[in-house]
Number of protein chains: 2
Amino acid sequence: MKAGAVKPPAKPCPRRDWTRLIIGAPRVPPPLRLLGRRATVIRIRMHAKGPPMTRVPTSKDVAKAAGVSQPTVSRALAGHPQVSAATRERVRKAALELGYVPQESGRVLRSRRTRRIAVVCGPDDLLSPFRPQLVVPLHQALAAAGYRTTLIAESGDAAVLSQVTDGSVDGVLVTAARAGSAVPGQLAAHGVPHVLVDRLVPEAGHPTCAADNRQGAAEIATLVAGLGHREVALVLGPRRLRTSLDREAGFRSVLAAGRAVRTRVLRGGVDHAAGVAAARSLLGAAHRPTAILCANDTIALGVLHEARLRGVDVPGELTVTGFDDIPMAGWEPYALTTVRHDTGRMAAEAVRLLLSQLGPDVDGAAPESVVLRADLVLRQTHAPPPSPS
Amino acid sequence: MKAGAVKPPAKPCPRRDWTRLIIGAPRVPPPLRLLGRRATVIRIRMHAKGPPMTRVPTSKDVAKAAGVSQPTVSRALAGHPQVSAATRERVRKAALELGYVPQESGRVLRSRRTRRIAVVCGPDDLLSPFRPQLVVPLHQALAAAGYRTTLIAESGDAAVLSQVTDGSVDGVLVTAARAGSAVPGQLAAHGVPHVLVDRLVPEAGHPTCAADNRQGAAEIATLVAGLGHREVALVLGPRRLRTSLDREAGFRSVLAAGRAVRTRVLRGGVDHAAGVAAARSLLGAAHRPTAILCANDTIALGVLHEARLRGVDVPGELTVTGFDDIPMAGWEPYALTTVRHDTGRMAAEAVRLLLSQLGPDVDGAAPESVVLRADLVLRQTHAPPPSPS
DNA sequence: TTGTAAGCGTTATCAA
DNA sequence: TTGATAACGCTTACAA
């Protein structure tokens, strides 16, 4: 490590040891719960629930107040055209005064439409940096179309299935990436409208909306190869992740295509530590690659950090690329060159695909799948290799 | 900047310029959508919907198949004890064969319990690094208690209100931090059970479950002051954010308490760029602080980056602290000393508080609020000042 | 234009 | 232990 380079926090120094002494803080793991778990309980007055036990008003109450029949209330508030303006106004006023809100349960039972869509994701998907970028636009697109979102974290197929086949949702958006899930098949078996989001391969018979991971990976590999790199390393996730496999295929389709590119492959986790470990292994070796293509941004940030820690100039000596364009990738200190999915578009298409199945009779219409191109995001971590071989 | 230090990506160099030439990539903003937006549409066969239009089976169908009355089906499947084992088995078998799932709409209409809870958050809350750490445990806690989660992104009070007063949820967890929201008040007015999550001040009459931001901030300020720092800077968010205000109060309560600590305050955004900007201003000045306390981790990471970029030794020359303990704070390159909320505990308590309001008659019981202590997470970015003044 | 009647699928009450 | 009956709140068809 060159003098003046960023100091690795793991390296101990006297002052830091002294600090630890004061605080009594072991280095790893950090001393969570240092201060104990005492919870302060405050008792407060709550909103007054009227002692006469006010019942929530129904359309019947409004009807009585407005001096009309109950179905007229329904028609008036639903904006049915064949209600006289005078009646409509009278009903509206009565409803407002009573604080009447049409009860969803009655509406659903009768109309058999819930206007609610389930979004299924993995148990901890929302904790990853990327998944919320998909779930939030999905939620927005649904809201814009007048649908509510029920969030279901996949934890056993049976649990998911019972929540989506009980008529509580009109359809399902499956974003969970788990490979062996039986959910899609069972949705089909139960005739529940659904769309698989962010999975490339249209699994037999399932409408799908996904980014083209293979294409995106091929694009960035093309970029790197075009810059003249001939010693390239791939840092990939485990084989069970379809996403990582697709990206690997994209990388290889270009790098193996007759160009004299030597490719090394490292397989590990998909988190920051995996990137750090991979970079340690790659940059510590005698024969360093000049470019490292990572299966996602988090890995790439780990690689980036380790490289800089070792004084390796990125992109001068080393090109590093990611995948997903998570928010951090755009942070100034990283400025990571990566691949971006247009998650807003993906969400919109997925919702469109799903809602198109909800029409009165869609048996004739051919269900579609949509594959969205991924885009290169060219920032500051790519350059030609130091000495073109 | 010392030789060999991490090179700021913003500084141009010939090689990088040449790269830009090849790619045609402007520096800022990155060229998203470089490759166009062409979507590939694939038409596929969908799951076969039986032409005879199979109706979804109801308890009536099961009753007929099992040779019992319809209410018996309900009782048998609900595990009602006064059903003979033989009947129960017959019903169970018939239900299984028909693929019967009790329809939620009927159940809700009759029982007036949805077993569904709404989680309200801000429009983009899930995109922040911290909020999912709260929402996910909330969702888990609800699922564990047998409740489903409806996600509502706050976008206008009226929209939220109509979704929670229509009987579609049994209660509401409000995590949105927006200050002037009328939602809590209206929930109370409508008698909708609810809990405010992660807001410290128990707003008049609302059950609340929150971390003690003030206390956490005071703890970390005590730590820093105890280390001997006398030149401290606070990097805070805007005044409209209650969270930031609470933390500021905590910082000040300690730093202003008669100790000879000189405190500077910078107010700005709550993102990474805000931290970078603050650090630039603070570290560029003639009189540098020896400690920078930030209103959240993202800001702190920005400060940390800028400090290292300038070759400032953290924690040797400068102590930097955050707040929230987002995942990145634990990443090896940062190892940020910060304050942690036990979001799992917070979620569990919030759910407990909410569900306790759903009992048959809770008018007598006093609703509670819970304030959870925040914990210091002592990692690698704090130390005594270089020369104790 | 509005009222009457029926029914969505379930659970609860009562009687047998 | 089980069956008949009613009711939840709403929308729709039909009649007035």
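Here the structure is a predicted model, which is why all the values come from computation and not from measurement. Excluded from the calculations below are hydrogen atoms, water molecules and symmetry mates; all remaining heavy atoms, backbone and side chain alike, are included. Within every chain, numbering begins at 1; the chains are lettered A, B, ... in the order of the sequence lines, protein sequences first and strands thereafter.
The two residues V192(A) and H194(A) have their closest heavy-atom pair at O-ND1, 2.7 Å. Of all heavy-atom pairs spanning L353(B) and V370(B), the tightest one is CD1-CG2, 4.0 Å. Shown here for A347(A) and A141(A), the closest heavy-atom pair between the two residues is O-CB, 4.4 Å.
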Polar pairs (N or O, both sides) under 3.5 Å between protein and nucleotides 2-5 of chain D?
residue : atom : partner : partner atom : Å
dT2(D)  : OP1  : S84(B)  : OG           : 2.9
dT2(D)  : OP1  : T87(B)  : OG1          : 2.1
dT2(D)  : OP2  : S84(B)  : N            : 2.8
dT2(D)  : OP2  : S84(B)  : OG           : 3.4
dT2(D)  : OP2  : T87(B)  : OG1          : 3.3
dG3(D)  : OP2  : S69(B)  : N            : 3.0
dG3(D)  : OP2  : S69(B)  : OG           : 2.9
dG3(D)  : OP2  : T72(B)  : OG1          : 2.4
dG3(D)  : N7   : R75(B)  : NH2          : 2.6
dG3(D)  : O6   : R75(B)  : NH1          : 2.9

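Under a 4.0 Å N-O distance rule, the pair R345(B)/E349(B) qualifies as a salt bridge.
Taking S74(B) as the reference, nothing meets the side-chain contact (heavy atoms from CB on, under 4.5 Å) condition, with sequence neighbours excluded.
Within residues 103-117 of chain A, the residues approached by DNA chain C to less than 4.0 Å at the level of any non-hydrogen atom are L109(A), R110(A), R112(A), in residue-number order. Contacts of residues 161-172 of chain A with DNA chain C (heavy atom under 4.0 Å): none.
In this structure, S105(B) contributes its side chain and L109(A) its backbone to no donor-acceptor pair below 3.5 Å. The backbone N or O of V120(A) lies less than 3.5 Å from a partner atom in the side chain of T175(A), making a donor-acceptor pair. Under the 3.5 Å distance criterion, the side-chain polar atoms of R88(B) are matched with a main-chain donor or acceptor of V83(B). A donor-acceptor distance shorter than 3.5 angstrom exists from the side chain of H139(A) to the backbone of L151(B), with no hydrogens or angles considered. Of the possible donor and acceptor atoms, one in the side chain of T114(A) sits under 3.5 Å from a partner among the backbone N and O of D170(A). Judged by distance alone, the side chain of D166(B) and the main-chain N or O of V101(A) form no donor-acceptor pair under 3.5 Å.
Heavy-atom nearest nucleotides on DNA chain D were determined for K60(A) and for P81(B), and the one closer to the 5' end corresponds to P81(B).
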Query raised in the report: What do the steps show when you test T149(B) against L138(B) for side chain to side chain contact (heavy atoms under 4.5 Å, CB included), and what is the final call?
Result: CA-CA 9 Å; T149(B) 302; L138(B) 282 176; over 6 Å; no
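For the residue pair S168(B) and R116(A), no side-chain donor N or O sits within less than 3.5 Å of a side-chain acceptor on the partner.
Considering L77(A), V73(A), V62(A) as possible partners of R92(A), the one that fulfils the side chain to side chain contact (heavy atoms under 4.5 Å, CB included) test is L77(A).
With a cutoff of under 4.0 Å to any heavy atom of chain A, the contacted region of DNA chain C is bounded 5' to 3' by dT1(C) to dG9(C).
Summary of helix geometry: the two end axes of the helix from dT1(C)-dA16(D) to dA16(C)-dT1(D), each defined by five base pairs via their C1' atoms, are inclined to each other by 40° (rounded to 10°).
Proximity of R131(B) to T343(B): side-chain heavy atoms (C-beta onward) are nowhere separated by under 4.5 Å.
In terms of phosphate contacts, S74(A) brings no side-chain nitrogen or oxygen within less than 4.0 Å of OP1 or OP2 of dC10(D).
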